[in-house]
Amino acid sequence: MRAAAFYDLEGTLVSTNLVHTLGFYARNQPGLWRSFKKSAATLLSVPLFAVTDQYSRQVFNTLFFKRYRGETEDRLRFFADELFEKVLKPAVYPGAFELIAKSRQLGLRQVVVTGALDISVAPLMDYLGIDDYVANRLEFVDGVATGRLLPPVLAAATKASWIREYAERERINLNDSYAYSDSISDLPMLSVVGHPAAVNPDFRLRQTALHHHWPILDLR
């Protein structure tokens, strides 16, 4: 059986978060007034996003992705490459490439498990040389986003469940596998592999890593 390296994305391999992507799409609306309105709404919602993210990642996802309601799938895909070039590519942590390269030298399959949108991260996955990835997917009706996510909604324990299913399907030995994240919300994901590591960790994850003697990496 093979082994894999499972990565969270935002805060782990790149310095951006979901709000940066939403802000980019908000600034690129058809017409100045709509761009201003969407950008202002995004900015005013940042405190609410922060509070709900601390309370519950599921609640955060429900509130956050409603902001995409009314966006067309064609438009999101059209701007994906520009989003990559202007926002995501410059945000890749310097140490991310070295970590992925060393991991690949060990013969590990490179897998990203992220709560970001699949449309927005596809070019970044190619740039980083990721073998497989799973991301959140918006529900579209007649090509227009409803503001809801299709299951499975990737957050917290759902990431761990997806990794278990992926490992069974692809014959991946989780005991020999690695996982990397920056957030305590990804503790379930880190706990399902034999070699967890905290990357640029928040305070709670750092304390957990120290308690369990997990490696702590800084890719910045």
Side-chain angles (χ1 to χ4, degrees), residues 3-28 39 42 46 49-50 53 57 60-61 64-65 68 76-138 154-155 159 162-163 166 177-187 189-190 193 195-203 205-206 209 214-220:
F6 298 97
Y7 305 91
D8 171 54
L9 180 62
E10 295 181 309
T12 302
L13 298 179
V14 297
S15 61
T16 52
N17 57 46
L18 295 177
V19 178
H20 291 99
T21 296
L22 179 62
F24 172 85
Y25 284 126
R27 293 191 301 273
N28 287 276
S39 296
T42 300
V46 169
F49 293 154
D53 190 33
R57 184 54 64 93
F60 167 82
N61 281 332
F64 180 83
F65 287 103
Y68 283 93
L76 294 176
R77 292 191 184 281
F78 176 81
F79 280 107
D81 287 335
E82 186 176 343
L83 169 69
F84 165 69
E85 290 291 343
K86 291 186 175 180
V87 179
L88 301 180
K89 184 178 178 180
V92 176
Y93 286 125
F97 295 104
E98 183 179 359
L99 176 61
I100 292 171
K102 287 183 176 179
S103 178
R104 192 177 294 281
Q105 288 173 3
L106 294 175
L108 303 174
R109 183 181 294 192
Q110 307 299 294
V111 184
V112 164
V113 185
T114 176
L117 287 178
D118 58 345
I119 294 173
S120 66
V121 301
L124 179 60
M125 297 299 98
D126 291 338
Y127 179 65
L128 292 175
I130 299 301
D131 297 312
D132 288 314
Y133 72 96
V134 62
N136 277 325
R137 299 168 298 145
L138 285 170
L154 291 160
K159 287 186 175 183
W162 184 89
I163 288 173
Y166 177 87
S177 294
Y178 295 70
Y180 303 91
S181 180
D182 69 303
S183 174
I184 190 65
S185 66
D186 283 332
L187 186 59
M189 165 182 163
L190 295 171
V193 299
H195 304 281
V199 179
N200 316 318
D202 58 28
F203 177 78
L205 181 57
R206 178 178 291 276
W214 294 346
I216 298 176
L217 309 178
D218 191 335
L219 304 184
R220 294 168 290 192

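Excluded from the calculations below are hydrogen atoms, water molecules and symmetry mates; all remaining heavy atoms, backbone and side chain alike, are included. Along the sequence shown, the residues carry numbers beginning at 1.
- In this structure, Y7 and Y180 have parallel ring planes: the angle between them is below the 30° cut-off, well short of the 60° mark.
- Under the side chain to side chain donor-acceptor pair (under 3.5 Å) criterion, D218 pairs with R220, sequence neighbours left out.
- Rounded to the nearest 0.5 Å, atoms CG (D182) and CG (L219) are 10.0 Å apart.
- Side chains of Y166 and V113 form no contact here, defined as non-hydrogen atoms less than 4.5 Å apart.
- Applying the side chain to side chain donor-acceptor pair (under 3.5 Å) criterion to H195, with sequence neighbours excluded, gives no partner residue.
- Residues forming a side-chain contact (heavy atoms from CB on, under 4.5 Å) with P196 (at least two apart in sequence, or on another chain): L190, V193, W214.
- At least one side-chain heavy atom of Y68 sits less than 4.5 Å from a side-chain heavy atom of T21.
- Few gaps surround OH on Y127; more than 12 heavy atoms of other groups in view lie less than 6.0 Å from it.
- Going from atom CG of N17 over to atom CZ of F64 covers 7.5 Å, rounded to the nearest 0.5 Å.
- Remark: L205 CG to D186 CG distance equals 8.5 Å, nearest 0.5 Å.
- Every residue meeting the side chain to side chain donor-acceptor pair (under 3.5 Å) condition with D8, not counting sequence neighbours, appears here in chain and number order: T12, K159.
- Within the model, atoms CD1 of I184 and CZ of F203 stand 10.5 Å from one another, a figure rounded to the nearest 0.5 Å.
- The nearest pair of heavy atoms linking S103 to A5 is OG-CB, 3.2 Å.
- Contact of the V134 side chain with the V111 side chain is not registered, since no non-hydrogen atoms from C-beta on lie closer than 4.5 Å.
- I130 pairs with exactly one of I100, L9, V121, L124 by the side-chain contact (heavy atoms from CB on, under 4.5 Å) rule, that one being I100.
- With sequence neighbours excluded, the residues forming a salt bridge (Lys or Arg N to Asp or Glu O under 4.0 Å) with R77 are E73, listed by chain and number.
- We find the CG-CE distance between D118 and M125 to be 11.0 Å, quoted to the nearest 0.5 Å.
- Sequence neighbours left out, the pairs with a member in residues 103-113 that pass salt bridge (charged side-chain N to carboxylate O under 4.0 Å, His left out) are R104-D131, R109-D132, R109-E170.
- Taking CG of L76 as the start and OG of S120 as the end, the distance is 8.5 Å to the nearest 0.5 Å.
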Sequence neighbours left out, cut at 3.5 Å: what donor-acceptor pairs do the side chains of residues 81-96 make with other protein atoms?
| residue | atom | partner | partner atom | Å |
| --- | --- | --- | --- | --- |
| E82 | OE2 | K86 | NZ | 2.9 |

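- Considering every non-hydrogen atom in both H20 and S15, the closest pair reads CE1-O, 4.4 Å.
- The shortest heavy-atom contact between A209 and A198 is CB-CB, 3.9 Å.
- Applying the side chain to side chain donor-acceptor pair (under 3.5 Å) test to R137 and every residue at least two apart in sequence or in another chain returns nothing.
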